[in-house]
Amino acid sequence: MHLSRLFQRSVHMFGDRPALALGSAAALSYAELDLRVRALARWLREDLKLEPGDRVTLAMKNCTEYAEALLAIWHARLCAVPVNNKLHPIEIAYVLENSGSRVCLSHGELHESLCATVKLIPGLQLVDVCGESWRSALAGPAMAVDPVRDGDDEVAWLFYTSGTTGRPKGVMLSHANLAMMALNFSADVLAIDEDDVLLHVAPMSHGGGIYSIPYFLRGGLQVVAPSGGLDEPELFGLLNHYRRASLFAAPTIVGRMVQHAKTLQLAARNECCPGLRCILTGGAPFYVEDIKAAVACFGPRIAQVYGQGETPMTISAIGADHIAAAVTTGDDEMLASVGYPQTTVDIDILDGDGQPVPPGATGEVTVRSPTVMLGYWDNPKATAQTLPNGALRTGDVGLVDARGLLHLKDRSKDVIISGGTNIYPREVEEVLLRHLAVEEVSVIGVPDTEWGESVTAFVVRHADASVDEAALNALCIASIARFKRPKHYVFVPQLPKNPTGKVLKDVLRETFAAIALPTHAQ
Ligand code: AMP
């Protein structure tokens, strides 16, 4: 199950089929891509003198070189360390040092600022993928094909968790982990064939990047958006150019796509992005109202996954057909869930003592699956805490309902305990989002001398829309228990988010601590 072996299999099966393209430009075939990949692999091993297992950091925006580098790293039996290109060079330097990377691939402005920041890291070679050494590597001889044996447990992807607090930890994912992720994807999310296209709009340094694996396994085409990120007119252009195109997009990006379609007045299903097969979303809560808006705009082409760096993209999933049917029948319970466990995943809901809770009760989501990481890089203590007995403690609180659907409440540290009762922010957020004037909302607990913690909502209003606390309070009173309704509302122009679109609740807690607010009676 070594990924280089699987890629070589695809070169045999799909040699002259298109494999990789930049925007709508002519694509490289699998055979052409293979030659480039093996030339780069030889350069990494022979010219840059890397040994099997050495780490190569990728600090770059989305580009076709990203896909080539990844396959070359695997062919050369090295380990890829993807970092989000929006990180500060000092944060990237931390990853480079912690992982002991021998090479860092980058380009553009980031390359220039990294040259200044990381030059003191001993033994590190910084390479510009738009520079001469990369070009001459591609012109050089190709490394032989020598099928990897016994390489399933080699670390393929050392992924530093984006996290919302603390220093990131390196998640060690093996070739077998990623191959199993790809099989789950084809079984539970989207079955891929040679006519499928994956548009890279989300950062390739995250789940969107490793979703390339199910595509190259089945002879699909990867297309990198030339802007290197999300540019709505460009994306909609590509969705007109290609057929059967899918993309991974965080829920906030799906929201931006819906807004863009509205400005183009493309809300009718067949008019809107004819080439779109599926928007794959996940990584953060996808609220019921937002799902309905996305299905109204794009039709039955929205699927959702729940995973985390430690079991990438693979805990549960809900396919486009199920989501569309739930919208049609008004099954909001299903829409509020993150679907069914993926094929190779066993989910247990455990209490604080690590014991299974009764059916339907809430506890920590715990995962057993061949997709679960080997452990954290150079951090046995954190590994032992997170993988007791080999099962992954996700830190997410949830329940499995009588229909087998997994419902996520929140990260355990974000659960609000007010007057001794647990309040799950997501439940309050779902209610507030029903108000037409509310664009985004995030609910946190803040210290309260009387109740321990009290519920506080940070609200972003739609442009030109107005709503006040009284209206939001009335909505809450009509929908949820009184003690769950926010005691404080803070209206803000936007929510702080990390580079993958997750709301930074710690920043909200700090923001709240810095302001004095009037309170309502409970
Ligand atoms: P990361 O490891 O940075 O990808 O973050 C993983 C975390 O994001 C999970 O543990 C969840 O808390 C959250 N998450 C991922 N997917 C979903 C989803 N579909 N719905 C709600 N939260 C999600």
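Order of listing sets the numbers, starting from 1, for every ligand and every atom in it. Remember, predicted model here, so these are calculated numbers, not experimental data. Throughout, numbering of the chain's residues begins at 1 and tracks the sequence.
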So for atom NE2, which belongs to H407, do other residues, nucleotides or ligands contribute more than 12 heavy atoms lying within a distance under 6.0 Å? yes

Any atom of ligand 1 sitting under 4.0 Å from a heavy atom of L408? yes

D346, CG atom: more than 12 neighbouring heavy atoms under 6.0 Å = yes

One finds that the ligand 1 atoms under 4.0 Å from a non-hydrogen atom of R411 are 10 (O), 12 (O)

F159 N/O to ligand 1 N/O under 3.5 Å
no

Within 4.0 Å of some non-hydrogen atom of K502, the atoms of ligand 1 are 1 (P), 3 (O), 4 (O), 5 (O), 6 (C), 7 (C), 8 (O)

Please check if any side-chain donor atom of Y160 sits under 3.5 Å from a side-chain acceptor atom of N98, or the reverse.
yes

The answer for which part of Q304 has a heavy atom under 4.0 Å from ligand 1 is side chain

Q | Pair D396-Y306, side-chain donor/acceptor within less than 3.5 Å | A | yes

The atoms of ligand 1 lying under 4.0 Å from a heavy atom of G309, numbered in the order shown, are 1 (P), 2 (O), 4 (O)

Quick check, are the ring centers of Y340 and H322 under 6.0 angstrom apart?
yes

query = Taking the non-hydrogen atoms of T281, is any one of them nearer than 4.0 angstrom to ligand 1?
reply = no

- prompt: Are the aromatic rings of H206 and F248 close, with centres under 6.0 Å apart?
  reply: no

Non-hydrogen atoms of H206 versus ligand 1: any pair closer than 4.0 Å? no

Heavy-atom proximity to atom 20 (N) of ligand 1 ranks first, among A284, G398, P251, for A284

Looking at ligand 1, does any of its N/O atoms fall within less than 3.5 Å of an N/O of T394? no

Over 60° means perpendicular and under 30° means parallel, so tell me whether F458 and F512 are parallel, tilted or perpendicular. perpendicular

(Q) Using only atom types and a distance under 3.5 Å, with no angle test, would you say the side chain of N389 pairs donor to acceptor with the backbone of A391? (A) no

In ligand 1, the atoms that come under 4.0 Å of a heavy atom of G307 are 6 (C), 9 (C), 15 (C), 16 (N)

Polar atom proximity, G283 to ligand 1 (N or O, under 3.5 Å): yes

